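Working notes, structure below.
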Amino acid sequence: MHAIGPVLVPVLGDQLSPAISSLSDRTRKDTVVLMMEVGQETGYVRHHQAKIALILSAMRHFAQDLRADGWQVDYVRLDDPDNTHSFSGEVERAARRHRARGIQVTEPGEWRVRAMMHEWSATLGLRVRIMPDTRFICPLPDFFQWAAGRSELRMEWFYRTMRRKTGLLMDGDKPVGGRWNFDAENRSGPEPGLSPPALPRFTPHSITGDAITRDVLDLVSDRFGDHFGSLDAFGWPVTRQDAETLLDHFIERCLPHFGHWQDAMMAGHDTMFHSLLAPAINLGLLDPLAVCRRAEAAYRSGQAPIAAVEGFIRQIIGWREYVRGMYWLDMPGLAGANALDAQRPLPEFWWTGQTPMRCLAETVRSTRENAYAHHIQRLMVMGNFALLAGLRPQEVADWFLAVYADAFEWVELPNVAGMALHADGGRLASKPYAASGAYIDRMSDYCGACRYDVKRKTGPDACPFNALYWHFLDRNADRLSGNPRLAYPYATWARMSPEKRAETLASAEAFLATLQPAAPGWARSQDCSRSSNACLIARP
Ligand code: FAD
Ligand code: DLZ
Ligand code: SF4
């Protein structure tokens, strides 16, 4: 390629930050920004309709902002007849179009995409500079150094290094309030009369409407109307300004109660006191450190208690940064991990929501309507069920990647394979998050109106989580009974009479036999392994 033109800067759909590293040292006159709507990304899993709409609308708004700021933006739309529908195909076409002399790009959030980028230099014959994603607080080399030589990679220790590094909630070198972690004061179950605030909704429901979002919603319902989920309640922030408004709402109305009700679940209250900021942060509309500084300011001005603010900041500079490090440390193996040899197919009701188990039905409903469920619904309802029922990790991970607006593999996979399913053999969590119905009953108001009885242990009317819990421990005894954190439940299981144990296992087996496997094609329309580039086939 005869290259005399500008430097081409591809900006991916989750790199929508004006401070993105790939633009940091570029001049406007010598740069073409390339943004690409491609079938490969809309189709490598069959994303929730609202997730596609959110990303495409946010991309189009970001391109508009960049142009207004003087950048030349080459924007390839999904309906462009010449669209090759892959990042690599579009980068190649644009490099020719602009006779680019080189490519500069911020590292992507997915292993699959990084593998593509590594091929560009050879296939295009151009210099390709891949730059670190500086929106994360912990650079990957620092994370790898932190992990090197440690036998246990626990989030809590990593989190303390992040507190020291950022100075968040620190008094000199001491944590504010004398403790690093205030979880003991958090995590209450729901109380009668508790009324979480209504959420602000954004375009196109605002009075002025938003032509970009309306166009995108039409495009998505035309092209992806057969994907899981609904667009009816679409209200995600698609611009920086709207994301800031959501942040204001969270800081004022929700943060003061965030910790206390962090794990509580109430039917019909899909968002409780959660922030809903993950999509905006993951797309780049909000800076995670700035979000944490706003939360800290709320504590320092007396607007929110330390337990709430510490709990919230831990999720972002602790968990979020930690899972990102673990993803890059453990890929590509993490995508195929299955330490508990779980082989059951994903049940159909994960897509349809048609199950008499009210906790699961409520969570799938919220997921379908909003592309959202909060953390404890993801972990202790969907994840716990998948763990106890022994669902195949790769099918569970595909589901999570497809259905949530905030799902990108770097954050979704460690949470699913590591935190929820223990498929990584305990690298991320020191014990599986396994729980019987009693936990869900304590933390939610679901059980009262459920067709199952949470107090019954066995039989067709018993809450299925109860027998499944023991079935899980029993079938994994070789792998898990040596874990000191599971000594108590294993001792309890051992104390049960052989008859009671047999009845419990039979009850679990009877329930498992009723699960209908999902029809093929809900999550993926082609054979596409996460750790390969097999899904490069264009899917317009
Ligand atoms: P809040 O409850 O308000 O929390 C504040 C912020 O903390 C979030 O916005 C997020 O940025 C961060 N955060 C909290 N917990 C985690 C965590 N475990 N890992 C990383 N960041 C965290 N989060 C995603 O962003 N994308 C995913 O695909 C995703 N998949 C998940 C799958 C499973 C099985 C589990 C258990 C968790 C998953 N999470 C994921 C983490 C968490 O559930 C979501 O970040 C959170 O529910 C998003 O809603 P929120 O913005 O209202 O969060
Ligand atoms: C998730 C997604 C979707 C649905 N569509 C696009 C798209 O058309 N163009 C784009 O640049 N990015 C999209 N994305 C986000 C990418 O999948 C994401 O940037 C990579 O997976 C790297 O994290
Ligand atoms: Fe879920 Fe069991 Fe409670 Fe029903 S009884 S809502 S299945 S925990």
Side-chain angles (χ1 to χ4, degrees), residues 10-15 35-45 47 51-52 54-56 59 76 78 85 87 90 108-110 112-114 155 224 250 254-255 258 262 271-283 288 291 311-316 318-324 355-362 372-383 385-386 396-397 400-401 403-421 433 435-441 444 446-456 462-466:
V11 170
L12 310 184
D14 55 357
Q15 299 184 339
M35 297 184 68
M36 306 155 270
E37 298 178 356
V38 288
Q40 180 186 68
E41 298 307 306
T42 54
Y44 75 96
V45 290
H47 306 278
K51 179 183 180 188
I52 301 178
L54 163 67
I55 293 170
L56 298 191
M59 285 175 66
V76 181
L78 206 60
H85 289 293
F87 282 151
E90 287 314 295
E110 301 200 354
R112 169 185 67 88
V113 181
R114 196 178 65 173
M155 194 288 294
F224 307 106
F250 171 70
C254 302
L255 180 62
F258 175 82
Q262 197 175 341
T271 56
M272 298 298 292
F273 295 94
H274 292 272
S275 71
L276 275 85
L277 292 171
I281 298 175
N282 294 349
L283 290 182
V291 169
F312 178 73
I313 286 178
R314 176 156 26 93
Q315 305 311 311
I316 296 185
W319 279 111
R320 185 172 185 274
E321 294 285 326
Y322 169 80
V323 299
R324 188 242 183 176
T355 168
M357 298 176 76
R358 191 160 180 245
C359 49
L360 287 151
E362 264 291 292
Y372 181 84
H374 64 73
H375 183 69
I376 220 67
Q377 293 176 307
R378 298 189 202 193
L379 182 63
M380 299 309 294
V381 177
M382 304 311 295
F385 181 87
V396 179
F400 274 96
L401 188 59
V403 302
Y404 291 115
D406 51 42
F408 297 89
E409 196 182 70
W410 65 266
V411 53
E412 167 271 324
L413 189 57
N415 271 300
V416 171
M419 192 184 300
L421 301 185
Y433 284 90
S436 67
Y439 172 87
I440 296 174
D441 192 29
S444 79
Y446 296 149
C447 300
C450 183
R451 167 246 180 274
Y452 293 109
D453 182 347
V454 73
K455 303 270 187 270
R456 288 175 96 108
C463 167
F465 276 105
N466 292 339

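Atoms within each ligand, like the ligands themselves, are counted from 1 in listed order. Quantities reported herein were computed from a predicted structural model and do not represent experimental measurements.
Counting only protein atoms, the N, O or S atoms lying less than 2.8 Å from atom 4 (Fe) of ligand 3 are C450 SG, ordered by chain and residue number.
Against a heavy-atom cut-off of under 4.0 Å, E110 is close to the following atoms of ligand 2: 21 (O), 22 (C), 23 (O). Residue M419 has at least one heavy-atom neighbour below 4.0 Å for each of these atoms of ligand 1: 18 (N). Per-residue contacts place G13 under 4.0 angstrom from the following atoms of ligand 2 (heavy atoms of the residue considered): 10 (C), 11 (O), 12 (N), 19 (O). Residue-ligand proximity, F258 to ligand 1, at heavy-atom distances under 4.0 Å covers atoms 1 (P), 2 (O), 3 (O). Set against the non-hydrogen atoms of D14, the atoms of ligand 2 under 4.0 Å away are 18 (C), 19 (O), 22 (C), 23 (O). Remark: ligand 1 atoms within the under-4.0 Å shell around heavy atoms of L276 are 50 (P), 51 (O), 52 (O).
Looking at ligand 1, you won't find any N or O of H374 less than 3.5 Å from one of its N or O atoms. Annotation: F400 places no N or O atom under 3.5 Å from an N or O atom of ligand 1; distance criterion only.
Using a non-hydrogen distance threshold of 4.0 Å, Y404 does not register as a contact of ligand 1. The shortest separation from a heavy atom of R112 to ligand 2 is under 4.0 Å, placing the residue in contact. Not close to ligand 2: M35, with no non-hydrogen atom less than 4.0 angstrom away. Contact annotation: L56 has at least one heavy atom less than 4.0 Å from an atom of ligand 2.
Taking only non-hydrogen atoms, the option from M155, Q315, R314, R320 nearest to atom 11 (O) of ligand 1 is R320.
Here W410 has no heavy atoms under 4.0 Å from ligand 2, in either its backbone or its side chain.
F408 carries K51 over the face of its six-membered ring, with the cationic atom under 6.0 Å from the centre and within 45° of the normal.
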